[in-house]
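A short worksheet on the structure shown next.
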Amino acid sequence: IINNLAQKYYLIYNENLPNIEIIQVDKIKEKRVYFRNDFSIAYHCHLKFKGLNEKCQKLILNTGLGSKNSSGFGMVITK
């Protein structure tokens, strides 16, 4: 997740990603999703980050997290 976010951050802002880390992962649920004649494994979970600046937050909310965003995965909801 961090590597994917770093790639997106660099492409959009032409800067390296600030030092951020995932400090907590809770309520992990694995789900098999049938999409485009194939099964994919997706995860529903709660993530807590440390060190996110405003640019990172906007990027996550606008693009999602993970490598399968173009397939509709990686959606993020904030609390």
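By convention here, the first residue in the shown sequence is residue 1.
- Note: H44 and H46 have perpendicular aromatic rings, judged against thresholds of 30 and 60 degrees for the angle between ring planes.
- Side-chain atoms of K8 do not come within 3.5 Å of backbone N or O of N3 as any donor-acceptor pair.
- No more than 12 heavy atoms of other residues, nucleotides or ligands shown are found within 6.0 angstrom of CD on E54.
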### Task
Could you give me the CA-CA distance, side-chain angles and deciding distance for I23 and L47, then say whether side-chain contact (heavy atoms from CB on, under 4.5 Å) is met?
CA-CA 8 Å; I23 58 173; L47 300 172; over 6 Å; no
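- Enclosure of atom CG in N62 by more than 12 non-hydrogen atoms of other residues, nucleotides or ligands within 6.0 angstrom is indicated.
- Cluster membership for I41 and L65, using ILVMFWY side-chain heavy atoms within less than 4.5 angstrom, is shared.
- Within 6.0 Å of NZ in K48 there are 12 or fewer heavy atoms belonging to other residues, nucleotides or ligands.
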#### Entry: Derivation and outcome, side-chain contact (heavy atoms from CB on, under 4.5 Å), residues E15 and Y9
CA-CA 7 Å; E15 301 172 4; Y9 193 89; 3.6 Å; yes
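- Separating the CD atom in E21 from the CD1 atom in I2 is a distance of 8.5 Å, to the nearest 0.5 Å.
- In terms of hydrophobic clustering, with Ile, Leu, Val, Met, Phe, Trp and Tyr side chains grouped at heavy-atom distances under 4.5 Å, I1 and I12 are assigned to a common cluster.
- Rounding to the nearest 0.5 Å gives a distance of 7.0 Å between CG of L5 and CZ of F49.
- Contact check for N53 versus I20: no side-chain heavy atoms found under the 4.5 Å cut-off.
- The CZ atom of R32 lies 9.5 Å from the OG atom of S40; values are rounded to the nearest 0.5 Å.
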### Message
Is there a side-chain contact (heavy atoms from CB on, under 4.5 Å) between L17 and Y10? Walk through the geometry before answering.
### Response
CA-CA 7 Å; L17 183 70; Y10 186 79; over 6 Å; no
#### Entry: Step-by-step side chain to side chain donor-acceptor pair (under 3.5 Å) determination, D26 to Q24
CA-CA 6 Å; D26 286 334; Q24 188 174 1; 2.7 Å; yes
